[in-house]
Amino acid sequence: MKTFNYHSAKDSKEASKLSSSNSAFLAGGMTTIPSMKLGLASYKDIIDIKSIKKLSGIKVSSKSVVIGATTKHVEVANSKEIKKTIPSLASLAEGIGDPQVRNRGTIGGSIANNDPSADYPSACIALEATIHTNERKIEASKFFKGMFETALKKGELIEAIEFKVPEKSSYQKHPNPASRYAVVGVYIAKHKSGVKVAVTGAKPCVYNDDDLSKALESDFSASSVAGMKLKSSDMNSDIHASAEYRANLVVIQAKKAVEAC
Amino acid sequence: MASLVGSRVERKEDKRFLTGKGRYTSDINLVNQTYAIFVRSPHARAQIKKLDISKASKASGVVSILTGNEIAEDKIGGLIAGWAIRSEDGTEMKCPANPPLAKDNVNFVGDPIAIVIADSLDEAKAAAEMVKVDYKVLKAVTSTGDAMKGDTIHDGIEKNLCFDWLLGDRQKVKEAFDKADKVISIDIINNRLVPNAMEPRACLADYNSGSDEITLYTTSQNPHLSRLIMSAFGNVAPEHKLRVVAPDVGGGFGSKINVYNEDIVCSWAAKKINRAIKWVAERSESFLTDIHGRDHVTHAELAVTKDGKFLGFKNETIANLGAYARVFGTVTPTYLFGPCATGVYDIPAAYSNVKAVFTNTAPVDAYRGAGRPEATYTIERLVEKAAMELGIDRTEIRKINFPKSFPFKQTLVHTVDSGDYVAGLDKAKQMADYDGFDARRKESESRGKLRGIGVTSYFEACGIAPSAAVMSLGCGVGLWESAEVRFNPTGQVTVYTGSHSHGQSHQTTFAQIAADELGVPMENIDIVHGDTDKGTFGMGTYGSRSLTVGGIAIVNACKKIVEKGKRVAAKMLEASPDEVDFKDGEFVVAKSNKKKTIGEVAFALYLPGSRDSDFKSPLPEGEEPGLKETSFFDPANFSFPAGSHIAEVEIDPDTGEVKLEKYTACDDFGRIVNPMIVEGQVHGGLAQGIGQALHENAEYDETGQLMTGSYMDYTMPRADNFPEFNIGYTCTHATTNPLGVKGCGEAGAIAAPPTVMNAVIDALGGQEITMPATAEKVWKACKSMKKSNAKAA
Amino acid sequence: MLFYIIIFKSSSVGRIIFTCYNFNKIIRYYYIKEADLMTKITLEVNGKKVARDVPDNTLLSTFLREHLNLTGTHVGCDTSQCGACVVHVDGQSLKSCTTLAADIADSKVTTIEGLANNGKMHPMQEAFKKMHGLQCGFCTPGMVMSAIDLLKKNKDPSDKEIRDWLEGNICRCTGYQNIVAAVKEASSKM
């Protein structure tokens, strides 16, 4: 791993000030550290944001769940309040990586990284989340820009993610047998205003599948999506799954998710 | 005293491993050591046009950078194939030179070009990035099946063909096929695997300029063999000036048999810079440069009568050797594969023809089972298909063709000394509730799932040894094993073995054997291995040979100790040696209560005199003092474990996911020394075999880049991939060694792939798919099954 | 004869660079890296306070193995998946190969070497021995540390819960069955 300077920031302001074009924020480090070890990324400065107290914690109301950026997956998975209000969100967190990853990895890190096969971005889309940064509030639908790309500007730091509590919801994924990341993950949330079907893993970036959303809005049942044929031409294709297979998995996981709602 | 052989004894080695006190190569550090990074080819096939180390040499902390030029100047030899194979036309195999550092050409991604040695690892890494190499990239040959049609990789090796080998009689086979009612044929791919021992390879080379000795600590399964090769072929140092230590080694599975480039280069370079050099592979390096396993493309046919009798068998295989032929690279797809391809069946006529090809991929060599998994997969897939096509129960067709008696002269090479294949299969069926399968299938179908059952009956030739046999088949060394038993004056015993434990539990099982032979408590027996400065010589551990060859050498050396002890005890007890019996650690004069313990006799042997002039020496005239014996054991034959395994899978046709529901293994390993350890060996073998069938696959793209080069892409089986295995045994003793043992390390890896695939293919209504049966492949097969069912309806 | 002029400069982050001149020609830059300018890391490891000056990019696994000679913690991969490096930090299991030593400064670390009490092995260690939950021993330290964390959270896990929990620990020898058996055995003793 290339050398860097490690800084621990006391507050968002300091973190932001320390950041440069050649720096990275460090939360759990579950992606950042392996990327640096493999030589895929190198930075002059690593700015640890875990000591910023304000960034950690869970606040739940009847309408929303607000999770601080450095809140660990294990905390979300075990939160009694989240289990009560949005159980699918707790079970998504329970299914990320392995126990040691969950003990370190954070929601903010996962979202800022926007890995095309990460789980949390689908929750943001499905649960119509608002991403709170140190500068502004960004709607999830405008936050995820492309593969590993987000609306975050340099030095902009995620502080919290605010999820809307749906009527019912479920997240189902088909994991990659090697990495255990999602080959396809489908997060379905039924809100008063409509149905969201957020899909991760299938395309370069998380998205809402409008066809599935429409079908479920007119009839929220497994049978209304079963057998649907999705266009696969813009889906990912790699040694683990062809685009055609991914298209099938989206429908199958959507069906399972509706059944589990 | 109750016999320890056969008892469930907890392991002596465990405490150190469990408390973090294991000592693996990467745990060792020497004062003033340097760190090495290897500059490796990023291309699968290229010419090295120019190598510029000038900038890197000046980088911070760099001690030295050495390249293929210096290797050539110092006449350091290359890596070798340990087994000479002759082609069907009588010509010798063709192997390219494999210098430890490539000078002119690179032939796979990861082929090392230079060693960068620096004061710290970070500095070595940084400098390695500054080494500039100009390559002329050439078109890579990566496909096993098409390798013979590709560009010539190595000058003078046409069609990239190392050899075209035949075992068996084509004419007889043709006659058998002419008489057949039906010919069952199959095209299969034995998928390429990466062994993935959890400890990455590592080495630490030290040089003592005072004694002119090199010490190499390395992750090896066979330190003596490594020293022999490095000395005789590598020209690194004469054997008496080269010490190879393989301390605790974290798994091998065949991948640590070979002497590797890094071992030779670090040893040689340590002397050149007169400082110790440490190298530890990163996992990504292991993926690229450890030997890989399997990688066969096979067409096989079985001639059968309509009532299921096998008449003839042919096997046409292309085996991928990778870029170079390594120690067991050429024997794995020939003598370890061909003879076993007729399986446990009495088939009157058979041949195996193997074309071994070079490609621009990592060298392929012995991986757990080595050749025998490929053989078993070939015949067991064919037999299952024959059963299906002939409408005979899969277990009945096997029984029809099992040998009727033992010794069984197998069609191609082996004479199997003992076994009872019918008993094994019947027990497996009963353990697996074979007869209840139809009900379970119906239950699965009621939930919209597909269920399949698969059977394999296998045998393997292991206990890789008999020197006369292996040398007649082309092996470059004799494959005996040695043991030295030192009885210390105060009663403890140190046993030196040429076998090497990298998980096999020798400290325990070998101590059990010696304890029984000598009547000394196990805790007073230490097993020493893994150091060429300790013990005599050894051939190492692979091919399930530790117990069947190395263990017997210990038995024989112990017997010599007892013989000598008897002579001395007789003198001490004033009896004749043939009146003295040895039992439970005591020499007893028949029909008397006169006795001496083995400890007393040993003590006397080290004190053969006295100040008392009346005292008579305990030693008979002409007997030397001391109690230490050595044995080199060379068995009369291989050993032949066998068994039957049964698997059941359930498939979700929506996603193609395969769930292994049940796995039953019933094996005959002969006599079992420690059932706990045998069970562990079976579990581990099964996990690797099931891994091959359902999960693992090493895949190169057409340019020769390894696409499955980390645990992100290469599926390592994890705890949640397996059901609880159901393990059982039958037992017929081996007749070729005094313990009656056969070996157990490879059975699971040999039997599991066809067992699981037979079950998957059964669930898919006979539709062939290749290993690994990944969800997508199975999903596609389910779709076409639905289509053909719809058509039929 | 060479004349060297050495000029010290401060870098933007307070580190020092010095450049070596031979007359007016630069012959070599010396960049004093973190390896030379260290950060002091203080931890409590296996009940003992330790302090070492290490470069900022030092991983916890490197800190333990290279600086404290606690080589029981192993490194088996570079993508944070094999779990051979699992240790406890403030009572929770994590992968020491994916954690910066600087990041956990002042924490309490327990490694495999710190489990035994006055020479008596921890019940989990005993259970691994009794049930033959290890062969080559390389993955074992991480496996044991991970399993202990499981039993802290779930005193009586089912086979399935154990297998699911061990997702982050790869073993190539045992086929996992005896590891599962060992965790069950330990759960009955702890």
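Letters go in sequence order (proteins before strands), and every chain restarts at 1.
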Proximal component of [X], with respect to chain C [non-hydrogen, under 4.5 Å]:
X        : value
B:Ser710 : side chain
B:Tyr24  : side chain
B:Arg8   : side chain
B:Ile677 : both
B:Glu13  : neither
B:Val249 : backbone
B:Ser26  : both
B:Pro723 : backbone
B:Met712 : both

Distance check, rounded to the nearest 0.5 Å: C:Thr140 atom OG1 versus B:Arg16 atom CZ? 11.5 Å
Hey, what do you get for OG1 (B:Thr508) to NE2 (C:His132), rounding to the nearest 0.5 Å? 8.5 Å
Does the side chain of [Y] come within less than 4.5 Å of [X]'s, by heavy atoms?
X        : Y        : answer
B:Asn29  : C:Glu66  : yes
C:Gln125 : B:Lys15  : no
B:Leu18  : C:Met124 : no
B:Phe287 : C:Cys77  : no
B:Phe253 : C:Cys173 : yes
C:Asp78  : B:Arg283 : yes
B:Asp122 : C:Asn57  : yes

For the student: nearest non-hydrogen atoms of [X] and [Y], plus distance:
X        : Y        : answer
C:Phe138 : B:Met198 : CE2-O, 3.2 Å
C:Gly137 : B:Phe17  : CA-CG, 4.0 Å
C:Asp159 : B:Glu724 : OD2-OE1, 3.5 Å

Determine the option with the most heavy-atom pairs under 4.5 angstrom with chain B, choosing from C:Gly72, C:Ala84, C:Cys136, C:Gly114.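 With the most close heavy-atom pairs to chain B, the winner is C:Cys136.
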Donor-acceptor contact below 3.5 Å, side chain [X] vs main chain [Y]:
X        : Y        : result
B:Arg718 : C:Glu167 : yes
C:Gln177 : B:Phe725 : yes
C:Tyr176 : B:Asn721 : no

Looking at chain C, which one of [options] has the largest number of heavy-atom pairs inside 4.5 Å, strictly under?
options                      : answer
B:Pro195, B:Ala197, B:Ala281 : B:Pro195
B:His502, B:Glu282, B:Met716 : B:Met716
B:Ala687, B:Ser501, B:Gly684 : B:Gly684

From the options C:Gln135, C:Lys129, C:Lys130, select the one residue that forms a side-chain contact (heavy atoms from CB on, under 4.5 Å) with B:Asp14.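 So, applying the side-chain contact (heavy atoms from CB on, under 4.5 Å) to B:Asp14 and each of C:Gln135, C:Lys129, C:Lys130, only C:Lys129 qualifies.
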Check each of C:Glu113, C:Met121, C:His122 against B:Thr19 using the side-chain contact (heavy atoms from CB on, under 4.5 Å) test, and report the only one that passes.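 Exactly one option meets the side-chain contact (heavy atoms from CB on, under 4.5 Å) with B:Thr19, and it is C:Met121.
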With a cut-off of 6.0 Å (strictly less than), are more than 12 heavy atoms of other residues, nucleotides or ligands near NZ of C:Lys153?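 It does: C:Lys153 NZ has more than 12 such atoms within range.
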Around atom NZ of B:Lys55, are there more than 12 heavy atoms from other residues, nucleotides or ligands closer than 6.0 Å?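 12 or below, so no.
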So does C:Arg172 pair up with B:Glu696, basic N to acidic O under 4.0 Å?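 Between B:Glu696 and C:Arg172 there is a salt bridge, with a charged N closer than 4.0 Å to a carboxylate O.
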Part of C:Leu134 lying under 4.5 Å from any heavy atom of chain B: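 For C:Leu134, backbone and side chain are both near chain B.
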Show your reasoning for whether side chain to side chain contact (heavy atoms under 4.5 Å, CB included) applies to B:Met676 and C:Asn178. CA-CA 10 Å; B:Met676 175 188 86; C:Asn178 287 344; 5.6 Å; no
Any chance you could lay out the salt bridge (Lys or Arg N to Asp or Glu O under 4.0 Å) test for B:Asp27 and C:Arg65, step after step, and finish with the verdict? CA-CA 8 Å; B:Asp27 298 341; C:Arg65 289 180 53 82; 2.9 Å; yes
